[in-house]
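Residues take their numbers from the sequence shown, with the count starting at 1.
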Amino acid sequence: GFQEVRGGAINKNYFYVENVIEELDDDGEFYFDAVNHVLYVYSTNNPQQSVFEAPQLETLVSFRGSVENPVKHITFDGIIFRHSIPTFMSSYEPPPSGDWAIHRGGMIFCDGAENVTISHCILDQPGGNAIFLSNHVKYCTVEFCNILDCGDNAVAAVGSTMYINGTGDTQPSYNLINNNHMAGVGIYGKQISMYFQAVARFNTIKNNV
């Protein structure tokens with residue numbers, strides 16, 4: 001994908017291989033014949049007892065406000081969010097300093113939000129980031145959630161500046177990430193973490209596993 005920002009290539013010839021029927025040799029792999037509209041799935045399970053699910057969306061919930069007019073006072077409690085598409089071939093951006101890159105998106109995406117709470121929820125198999133706090137996100141809480149098998153990061157808080165001017169209040173601030181269980185991050189991406197932060201301030205991360 002496009003996750004690295006060191007300026008060099010993994011190989012002088014960029015390549016990505018997908019949808020090759022000859023490579024079907026492991027559980028869960030599939031091939032789609034677009035001409036004949038036939039889907040082949042490799043599985044050792046009984047097809048009569050199997051469920052096939054194909055995610056269509058990158059983001060299941062999106063809050064988009066502004067510094068002047070943020071989305072406010074919304075709570076999700078005890079909801080299961082399941083399956084979003086992988087994003088490793090989408091656009092990635094370099095946060096200031098370091099050699100990481102990150103995709104500004106997630107299964108739950110907040111940009112311009114205050115006092116949003118995500119509690120006792122399950123986020124199952126996000127294809128990219130599970131929860132992304134972007135720019136002006138303040139006083140938000142993620143607690144007592146199970147975040148499972150993420151393509152990229154479990155929780156990311158990434159702000160922005162106007163060149164060297166960081167006074168625009170576009171940094172995630174005063175948020176709480178507390179008592180969450182996060183297992184299986186980085187299914188696709190390799191520059192990942194349980195919690196990623198850049199151009200953000202005064203956030204509290206505690207008691208997470």
Side-chain angles (χ1 to χ4, degrees), residues 1-3 55-96 100-161 168-178 180 182 184-189 191-201 203 205 208:
F2 302 99
Q3 298 101 8
Q56 301 294 309
L57 301 174
E58 172 188 333
T59 301
L60 304 188
V61 176
S62 178
F63 303 113
R64 293 182 182 269
S66 64
V67 175
E68 298 78 14
N69 188 27
V71 178
K72 290 185 176 182
H73 304 297
I74 294 177
T75 297
F76 288 122
D77 187 65
I79 298 176
I80 299 175
F81 300 93
R82 180 164 286 153
H83 307 161
S84 59
I85 63 174
T87 59
F88 61 90
M89 294 300 288
S90 301
S91 60
Y92 278 65
E93 63 182 81
W100 277 34
I102 192 164
H103 175 66
R104 196 177 287 266
M107 177 179 272
I108 298 178
F109 183 81
C110 297
D111 190 327
E114 297 179 3
N115 298 107
V116 172
T117 298
I118 304 168
S119 178
H120 299 95
C121 291
I122 297 174
L123 287 79
D124 179 26
Q125 300 176 64
N129 302 304
I131 299 173
F132 200 102
L133 310 179
S134 173
N135 295 323
H136 182 88
V137 178
K138 303 179 76 171
Y139 314 113
C140 293
T141 299
V142 179
E143 61 181 0
F144 303 109
C145 291
N146 276 303
I147 303 176
L148 309 171
D149 297 332
C150 307
D152 282 350
N153 304 282
V155 179
V158 182
S160 62
T161 62
D169 202 13
T170 53
Q171 300 85 34
S173 309
Y174 306 103
N175 301 295
L176 174 64
I177 315 299
N178 178 47
N180 300 286
M182 309 177 188
V185 297
I187 300 297
Y188 302 116
Q191 291 181 321
I192 56 85
S193 61
M194 177 276 292
Y195 174 80
F196 178 86
Q197 175 172 298
V199 199
R201 56 184 180 163
N203 298 297
I205 301 92
N208 299 286

With a 4.5 Å heavy-atom cut-off, do N153 and M194 have their side chains touching?
-> no
Report the C-alpha separation of N175 and V137 in whole Å, then their side-chain angles, then the decisive distance to 0.1 Å, and conclude whether the side-chain contact (heavy atoms from CB on, under 4.5 Å) test is met.
-> CA-CA 8 Å; N175 301 295; V137 178; 3.9 Å; yes
For the pair N129 (side chain) and G105 (backbone), establish whether a donor and an acceptor sit closer than 3.5 Å, ignoring hydrogens and angles.
-> yes
T59 side chain near I108 side chain, heavy-atom distance below 4.5 Å | no
Pairwise side-chain contact, M107 with L57, heavy-atom cut-off 4.5 Å (strictly under) = no
Ring pair (Phe, Tyr, Trp, His ring centres under 6.0 Å) involving Y174 - partner list, sequence neighbours excluded | Y139, F202
Among E114, H136, K138, R201, the one residue meeting side chain to side chain donor-acceptor pair (under 3.5 Å) with S173 = R201
Check for a donor-acceptor pair, side chain of S84 on one end and backbone N or O of G127 on the other, with a separation under 3.5 Å.
-> yes
Hey, mind stepping through M182 and N208 against side-chain contact (heavy atoms from CB on, under 4.5 Å) and telling me if it holds?
-> CA-CA 7 Å; M182 309 177 188; N208 299 286; 3.9 Å; yes
Scanning both residues in full, the closest heavy-atom pair of I147 with A130 reads CG2-CB, 3.5 Å
Would you say H103's side chain and S91's backbone share a donor-acceptor pair under 3.5 angstrom?
-> yes
For Y195 against A157, the heavy-atom pair lying closest together | OH-CB, 3.5 Å
Between P95 and A101, which heavy-atom pair has the shortest distance, and what is it?
-> CD-CA, 4.1 Å
Test salt bridge (Lys or Arg N to Asp or Glu O under 4.0 Å) on D111 and R104 and set out the steps.
-> CA-CA 10 Å; D111 190 327; R104 196 177 287 266; 5.3 Å; no
Would you say the side chains of N180 and E143 form a donor-acceptor pair under 3.5 Å?
-> no
Smallest separation among heavy atoms of D152 and T87, with atom names = OD2-OG1, 3.9 Å
Side-chain heavy atoms of V158 within contact of F196, under 4.5 Å | yes
Are F63 and V116 close enough, and set up right, to give a side-chain contact (heavy atoms from CB on, under 4.5 Å), and what steps lead you there?
-> CA-CA 9 Å; F63 303 113; V116 172; 3.9 Å; yes
Run the side-chain contact (heavy atoms from CB on, under 4.5 Å) check on I102 and F132 step by step: do they pass?
-> CA-CA 10 Å; I102 192 164; F132 200 102; 3.8 Å; yes
Interatomic distance, I122 atom CD1 to R82 atom CZ [nearest 0.5 angstrom] | 7.0 Å
Value for CD1 (I85) from OG (S90), rounded to nearest 0.5 Å, stands at 6.5 Å
With L176, which residues qualify under side-chain contact (heavy atoms from CB on, under 4.5 Å), at least two apart?
-> T141, N178, T204, K206
Which heavy atom of C110 sits nearest a heavy atom of A113, and at what distance?
-> CB-CB, 4.3 Å
Min side-chain heavy-atom separation S134-F109 under 4.5 Å | yes
Sequence neighbours excluded, which residues qualify as side chain to side chain donor-acceptor pair (under 3.5 Å) partners of S62?
-> R64
T170 side chain vs S160 backbone, donor-acceptor pair below 3.5 Å | yes
Between Q197 and N203, the two heavy atoms sitting closest are OE1-ND2, 3.3 Å
Minimum side-chain heavy-atom gap L123-I131 below 4.5 Å | yes
Heavy-atom side-chain proximity of I74 to T117 below 4.5 angstrom = no
In terms of ring plane angle, is the pair H120 and F144 parallel, tilted or perpendicular, where the classes change at 30° and 60°?
-> parallel
When you measure from the side chain of S66 to the backbone N and O of G112, does any donor-acceptor pair fall under 3.5 Å?
-> no
Within-4.5 Å side-chain heavy-atom neighbours: C121 and I80 | no
